[in-house]
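Source: prediction; values computed, not measured. Values below: every heavy atom of this structure, side chains too, minus hydrogens, waters and symmetry copies. Chain naming here is simple, since letters A, B, ... match the order of the sequence lines and numbering starts at 1 in each.
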Amino acid sequence: MKINWKEIETKWRQKWNENKDFETNRNDRPKKFITVAYPYPNSPQHIGHGRTYTLADVHARFYRMRGFNVLFPMGFHYTGTPILGMAKRVEANDKELISNLKNLYGVPEDIIKEFVEPVKIANYFHQEIKAGMIEMGYSIDWRREFTTIDPAYSKFIEWQINTLREKNLIIQGSHPVGWCPKDQNPVSQHDTLGDVEPDFTEYILIKFKFEDHIIPTATLRPETIFGVVNLWINPEIIYKKITVDDQRWIVSKECAYKLEFLDKKITYDGEIKGSELIGKTVTVPHRNESILMLPASFVESETGTGVVMSVPAHAPFDYQALIDFKKSKMEPELFTKVNAITPISIIETEGYGENPAKEAVERFGVIDQNDPKLEEATKEVYGKEFYGGKLKLNTEQFSGIKVSYAKDTIKDWLIKNKHADILLELTNTPVRCRCGAKCVVKILNNQWFLNYGDSDWKELATKCFDSMNILPQEIRSEFNYVIGWLRERACARQHGLGTKLPWDKDWIVESLSDSVIYMAYYIISKFVNNKSIVSDNLSKEFFDYIFLDKGDSEKVSTITKISIDIINEIKKEFQYFYPVDSRHSGRDLVPNHLTFFVLNHVAIFPQSNWPREIVVNGSVLMNGSKMSKSMGNIIPLRKAISDHGADPIRLAIIISAELLQDADFNMESVSGIQNKIEMLFVECSRLKAKIPETFEAEDKWIKSKTQNMILQVTLAVEKMRLREALHDILFSFESDLSWYMKRANAKNRTNISGILYYIHSTRIAMLSPFAPHIAEEMWEKLGNLGMVSLSKWPEFSQSEVDATAIQSEEYLKSTIEDISKILKVTKIIPQKIIVYTADLFKSKVYHSILEKVMTGQTNMGIIMKELISNPDTQEVKKIPDFVQKTIKDILSEPTEIRRMKLESKKFDEKSFLMNELAEIAKKDFGVGIQVFSESDSDIYDPKEKARHARPFKPAILIE
RNA sequence: GCGGGAGUCGCCCAGCCUGGUCAAAGGCGUAGGGCUUAGGACCCUAUCUCUUAGGAGUUCGUGGGUUCAAAUCCCACCUCCCGCACCA
């Protein structure tokens, strides 16, 4: 039977909507406030976005069924730069973008024209995403919807950022960024051609004195200043003479250009050829020694300053260039000087001798300074020295420290003594802005930062994390790590949509900073949307009173012109719903949003309102590979819903992976799920509500198994192990059910529909948070009244679990399995099957062994001695083999089964097998079964098999 | 480098948290059978090795260890993937 998903889903969505089932207000029941990171509306959502929201929705629906008053709201994050960038690209008539909008996202052409206005983009995709969320059946309270550019939201953000500033958590400073000199704008990944992230490193400029000039060299290894023996100049380069602030420098043209953006005043004074510098000397800072400037072809004008300091003991390039130069022709006078240059070794590293550079050059077989092998040699020496090297005595006060540590220390010391400066340089050059210009590194002054480096703040956040539930547990250490390395973070930028900094209107609150405590705003937004309050009235006093319990209602009412009743109602609702019980998000937000979410909460709110839980999920792959525009494998969520139905999509996403793993989405799994659900649907349509009749062995068993499923599923959902839960409901339980059907059919029973009705009602109820629409339909088909989404979650009941029933079915199964194994190995076609159960004595021995094993005694010798010393069991000395095998039997079973066996001592194997084995064996093997106890007097035992019988392991004879 | 995750029977992947029901679920593939004019779809059976009695042997990246018992716990090593900032 084919299910018409669309029809069923529309039907139930309408009912939920009419009944306002998911509109949540304060009441006297316990609450759960479940939130999920709101979407950024710059594209329609695809399957990947759907995952986080679906997980959160299942969570919300689960708690709703467990009796909680669940608030699950949604907002839209308009703030940020990508939308702005998009608008610019539309304006510039960017072909690639417009084709994506048209073909990939299906945006009508006349609407694309309006996209030159950023808000139009956000509005369009906002509605698109919202429609998808509704179609997915998310149980959202839409009365609380908002966007982050709503005037009331801006008031809220102003309050947030002012509060942080009052607490001295916002500071001002300078900060390097990737920069487009043409646009006069910072650039990040989505502003560059090819979407490259501008990546830069910090070089240390060491200032060498040359006459009345400074010749700076750029290095990553400031400690090597103690090992410098000469400088390398490229004779082909024409260097610039410039004035940097008050000093006169000589650097390459490219370097001078870079310096212009690094907060320095540059004027150009003249030029000097590289060749003119050769053979002249400079003074090494601090050491005050004169060293020569020598020519080298590996020196590039684009890198650093175009001058390199030579440390031949530790830098393979320098060592090789020195060798090369010594071989070249030169004036005798210079040769004497050059020949006198010897490497100065300043670092000792295990595995290297006096001159690591020389050793590496020789080992790699380097030919000359243009040999690419030098790169490898450099990497090796640098790596080993950095992590394993120590500075030698000739480095004065730094001797003995590890290189990895010395780097920063020496840098600070050099800068303090004015021997050095900083040069920031892009490492992945060239980075081009979308406008085509080459990007540089710029130091921005007067940037506003949230001081996440503050140790008191970190401590509070750590305290909060320690008290929080983090799901899955594995991700917790990652949060601790992030808190550890977090430093100041820019919280304002100069472009994009958003709220202006209240005290500095040139800046806009950065979008990762205006989205950290907005869960509190869901309380406010309900009252904004129903027009109880207007943005103009939302003053500092209002938010202080609602969120922080500061001030009194009368004063606040006077200031805000909002009635005391409304103010108090808002406050009560906030106090009822806060704190956030669970926050859902993808794992990409762990090092930023989720951590900031906690940091900002602990900074602003009292401990009682700190968040309680974070749930993190992995991303979604499409047929095993990452979804990307260029691959064209992005499936818009709404298209997937209309093609396959919302419930199959929800189930396929959930079943494909556990929380943190990447979920591999593919159409086969969707259609597999559809088939499964269709079968279940047919089953539910057939069953009628009925009170179960008397219970036979298999009925008691399947009831116990159902209880077991309830327990397992409930525990799994509580830990958000939704894949496991769903798998239990849909698949694992199926094998139990088919065993049950096999048993019932063998007996030709016709009175099982009551049991099946009970089982399926339980399953459908548990399925409902996962596949809410079809579950409602099935629930109705089963003849249940009301909505399954509002019904009670099935509860585990220990009293419904029948240990004997479970154990006896296991016994039956293993006996049948033994028979088939024998048949398989011997390839006999059976005429007759005879089963012998163990006698009373063995059963007695079995139980005393079981008791001993349960107390931890597993030693055969000791058990044997104890059995013999007891008059009741001393006869075992005749059958030591039995004892040995029984211990093994027991040990190979799970503790749970052992316990059950211990509990139900009086289990009559013979009569059970006679009653239950006959029909089923007839069906499976086509012959009758005879059952004897080995102690029966009328026993038929021609091959003397009976004596091998053990409790729960009957002997078998097949003829 | 730092931090995190992973390595399972031809392939994909579950089991590991909480050791025993584990020669290890499920899917794909392969082989045989059913259905069909044929193909597809679907259903059944088999799928580490040996075995004419329910058994035995060797397996879960590699090497050790703990335990009566290890895919599961501990230690070391090897390989692969992801994140490392002003960007949502």
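Only the C1' atoms considered, rC82(B) is 36 Å distant from rU58(B), to the nearest whole Å. One C1' atom belongs to rU59(B), the other to rG15(B), and the distance between them is 16 Å to the nearest Å. For the C1' atoms, the distance from rA46(B) to rC60(B) is 23 Å, rounded to whole Å. Here, rC42(B) and rG5(B) have their P atoms 40 Å apart, quoted to the whole Å. Comparing the same atom, P, in rU67(B) and in rC81(B) gives a spacing of 38 Å after rounding to whole Å. For the P atom pair drawn from rU72(B) and rA23(B), the interatomic distance equals 14 Å after rounding to whole Å. Between rC17(B) and rA85(B), the distance separating the two C1' atoms is 32 Å to the nearest Å. For the C1' atoms, the distance from rC48(B) to rU8(B) is 13 Å, rounded to whole Å.
Between Trp701(A) and Trp739(A), the two ring planes are perpendicular [angle over 60°; tilted spans 30° to 60°].
Within the structure, salt bridge (charged side-chain N to carboxylate O under 4.0 Å, His left out) pairs that include any residue of residues 476-497 of chain A comprise Glu478(A)-Arg587(A) (at least two apart or interchain).
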For nucleotides 40-45 of chain B, print each protein N/O atom paired with a nucleotide N/O atom at under 3.5 Å, atom names and distance only.
none

List every contact pair, protein side and nucleotides 79-84 of chain B side both N or O, where the distance is under 3.5 Å.
none

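Side-chain atoms of Glu909(A) come within 3.5 Å of backbone N or O of Phe952(A) as a donor-acceptor pair. Under a 3.5 Å cut-off, the side chain of Thr595(A) and the backbone N or O of Val590(A) do form a donor-acceptor pair.
Within the 4.0 Å cut-off from OP1 or OP2 of rA88(B), at least one side-chain nitrogen or oxygen of Ser511(A) is found. At least one side-chain nitrogen or oxygen of Gln661(A) sits closer than 4.0 Å to the OP1 or OP2 atom of rA14(B). In this structure, Thr81(A) reaches the rA88(B) phosphate: one of its side-chain N or O atoms is under 4.0 Å from OP1 or OP2.
Taking atom CG on Leu659(A) and atom P on rA14(B), their separation rounds to 13 Å, with Å as the unit. In this entry the distance linking CG of Leu660(A) with P of rA6(B) reads 8 Å, nearest Å. Atom-to-atom, CZ of Phe731(A) to P of rG15(B) comes out at 15 Å; the value is rounded to the nearest Å. Here rC13(B) presents its P atom at 19 Å from CD of Glu724(A), a figure rounded to the nearest Å. Put simply, CD on Gln447(A) is 13 Å from C1' on rA85(B), counting in whole angstrom units. In this structure, Glu734(A) atom CD and rG27(B) atom C1' are separated by 16 Å, rounded to whole Å. In this structure, CD of Glu658(A) is placed 15 Å from C1' of rA6(B), rounded to the nearest angstrom. Rounded to whole Å, the distance from CD on Gln45(A) to C1' on rA88(B) is 16 Å.
With both pairing distances under 3.5 Å, rC77(B) is matched to rG61(B) as a Watson-Crick or G-U wobble pair. Under the Watson-Crick or G-U wobble criterion, with both distances below 3.5 Å, rC22(B) has no partner in any strand shown. Pair assignment for rA41(B) gives none, since no Watson-Crick or G-U wobble pairing has each distance under 3.5 Å. Pairing partner, rG29(B): rU47(B), with both Watson-Crick or wobble hydrogen-bond distances short of 3.5 Å. Under the Watson-Crick or G-U wobble criterion, with both distances below 3.5 Å, rG3(B) is paired with rC82(B). With a 3.5 Å ceiling on both atom-pair distances, rU66(B) lacks any Watson-Crick or G-U wobble partner.
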What does the B/S/- profile of nucleotides 52-59 of chain B look like, 5' to 3', with a 4.0 Å heavy-atom cutoff to protein?
BBBSS---

Indicate for each nucleotide in nucleotides 67-72 of chain B, in 5' to 3' sequence, whether protein heavy atoms under 4.0 Å reach the base (B), only the sugar-phosphate (S), or nothing (-).
-B----

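With sequence neighbours left out, the side chain to side chain donor-acceptor pair (under 3.5 Å) criterion links Asn745(A) to no other residue. For Arg221(A), the salt bridge (charged side-chain N to carboxylate O under 4.0 Å, His left out) partners two or more places apart in sequence, or in a different chain, are Glu223(A), Glu385(A). Partners of Phe597(A) under the ring pair (Phe, Tyr, Trp, His ring centres under 6.0 Å) rule, at least two apart in sequence or in another chain, are His601(A). For Phe596(A), the ring pair (Phe, Tyr, Trp, His ring centres under 6.0 Å) partners are Tyr452(A), not counting sequence neighbours. By the side chain to side chain contact (heavy atoms under 4.5 Å, CB included) test, Asn469(A) pairs with Leu471(A), Glu613(A), sequence neighbours left out. The ring pair (Phe, Tyr, Trp, His ring centres under 6.0 Å) search around Phe733(A) returns none, not counting sequence neighbours.
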Using the salt bridge (charged side-chain N to carboxylate O under 4.0 Å, His left out) rule, take Glu734(A) and Lys676(A) through it: C-alpha gap first, then chi angles, then the decisive distance, then the call.
CA-CA 11 Å; Glu734(A) 205 79 341; Lys676(A) 184 83 215 165; 2.9 Å; yes

Walk me through whether Leu501(A) and Val509(A) qualify under side-chain contact (heavy atoms from CB on, under 4.5 Å).
CA-CA 6 Å; Leu501(A) 268 191; Val509(A) 178; 4.0 Å; yes

Could you walk me through whether Phe125(A) and Phe76(A) pass side-chain contact (heavy atoms from CB on, under 4.5 Å), step by step?
CA-CA 10 Å; Phe125(A) 290 117; Phe76(A) 292 85; over 6 Å; no

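A salt bridge between Arg950(A) and Asp889(A) is present, with a side-chain N of the basic residue lying under 4.0 Å from a carboxylate O of the acidic one. Ion pairing of Asp941(A) with Arg947(A) is absent here, as no side-chain N (NZ or NE/NH1/NH2) approaches a carboxylate O to less than 4.0 Å. Salt bridge present: Glu658(A) and Arg723(A) bring a charged side-chain N and a carboxylate O closer than 4.0 Å. Between Lys813(A) and Glu809(A) no salt bridge is recorded (no basic side-chain N to carboxylate O distance below 4.0 Å).
Across all strands shown, Arg493(A) has heavy atoms under 4.0 Å from sugar-phosphate atoms exclusively, and none from any base. Nucleic acid contact class of Asn592(A) (heavy atoms, under 4.0 Å, all strands): base.
RNA chain B is contacted by Lys719(A), Arg721(A), Arg723(A) of residues 716-723 of chain A, taking any non-hydrogen atom closer than 4.0 Å.
RNA chain B is contacted by both Arg898(A) and Glu488(A); Arg898(A) maps to the nucleotide lying nearer its 5′ end (nearest heavy atom per residue).
In this structure, SG on Cys439(A) lies 7.0 Å from CG on Leu426(A), to the nearest 0.5 angstrom. Summarising the geometry, atom CG belonging to Asp728(A) is positioned 10.5 Å from atom CG belonging to Leu711(A); distances are rounded to the nearest 0.5 Å.
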